[in-house]
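These notes are about the structure you will find just below.
Because only heavy atoms are used, hydrogens play no part in the values below, and waters and symmetry mates are left out as well, while side chains stay in.
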Amino acid sequence: MRNIFLTVLVIVCACTSSDIPEDLINQEKMVEIMVEIHLLEAKINNILIDPHDSIQAVYEHYEKLLFQDLSITQDQYERSFNHYVNNSSDFEKIYNTVVDSLMAREQKLKK
């Protein structure tokens, strides 16, 4: 699933724009979303799927449900992600917080 994230990152970087989206997701919410996306990717990686099924289709289905649960659209997420990628200091802060959150969850599970 890292490949999916990296692919999205490359696509987003290739289609950059310096404009701030009107529906920009704030940094705190982006952290929440990105943490949930990483957790979703981890869950999908642990699913044993029939070889005739597409893991990408499974991921996209659950990603759509995740966005619905978080009351955002995929387009809104992509525009916001793109904006933060273009503002590397903001993106670095967001991603550092995502990593810290995931590590904290992992430590909690180990206890």
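- Atoms CE and CZ, from M30 and F81 in turn, are 6.5 Å apart once rounded to the nearest 0.5 Å.
- Minimum heavy-atom separation, V35 to S101: CG2-CB, 3.8 Å.
- Taking a 6.0 Å sphere around CD of E22, one finds it holds 12 or fewer heavy atoms contributed by other residues, nucleotides or ligands.
- Note that CD1 of I37 and CD of E63 are 5.5 Å apart. Values are rounded to the nearest 0.5 Å.
- Ion pairing of E36 with K29 is absent here, as no side-chain N (NZ or NE/NH1/NH2) approaches a carboxylate O to less than 4.0 Å.
- Nearest heavy-atom pair across I44 and V58 is CD1-CG1, 3.5 Å.
- Of all heavy-atom pairs spanning L102 and L39, the tightest one is CD2-CD2, 3.8 Å.
- Taken from OG in S89 to CD1 in I94, the straight-line distance is 9.5 Å, to the nearest 0.5 Å.
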Considering only distance and modelled atom types, tabulate donor-acceptor pairs under 3.5 Å from the side chains of residues 67-75, sequence neighbours left out.
from : atom 1 : to  : atom 2 : distance (Å)
T73  : OG1    : Q76 : N      : 2.9
Q74  : NE2    : E78 : OE2    : 2.8

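- When the ring-ring contact (aromatic ring centres under 6.0 Å, His included) test is applied to Y84, no partner is found at least two apart in sequence or on another chain.
- Proximity of Q27 to T97: side-chain heavy atoms (C-beta onward) are nowhere separated by under 4.5 Å.
- With contacts defined as side-chain heavy-atom distances shorter than 4.5 Å, the pair H61/K64 does not qualify.
- S80 approaches P21 most closely through the heavy-atom pair N-CG, 4.4 Å.
- Both M103 and L40 are members of a single hydrophobic cluster when ILVMFWY side chains are connected at heavy-atom separations under 4.5 Å.
- Side-chain atoms of D100 and N96 include no donor-acceptor pair closer than 3.5 Å.
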Next item on the list: In sequence, state the C-alpha distance, the side-chain angles, and the governing distance for F91 and H83, and then conclude on side chain to side chain contact (heavy atoms under 4.5 Å, CB included).
Entry: CA-CA 9 Å; F91 188 74; H83 170 77; over 6 Å; no
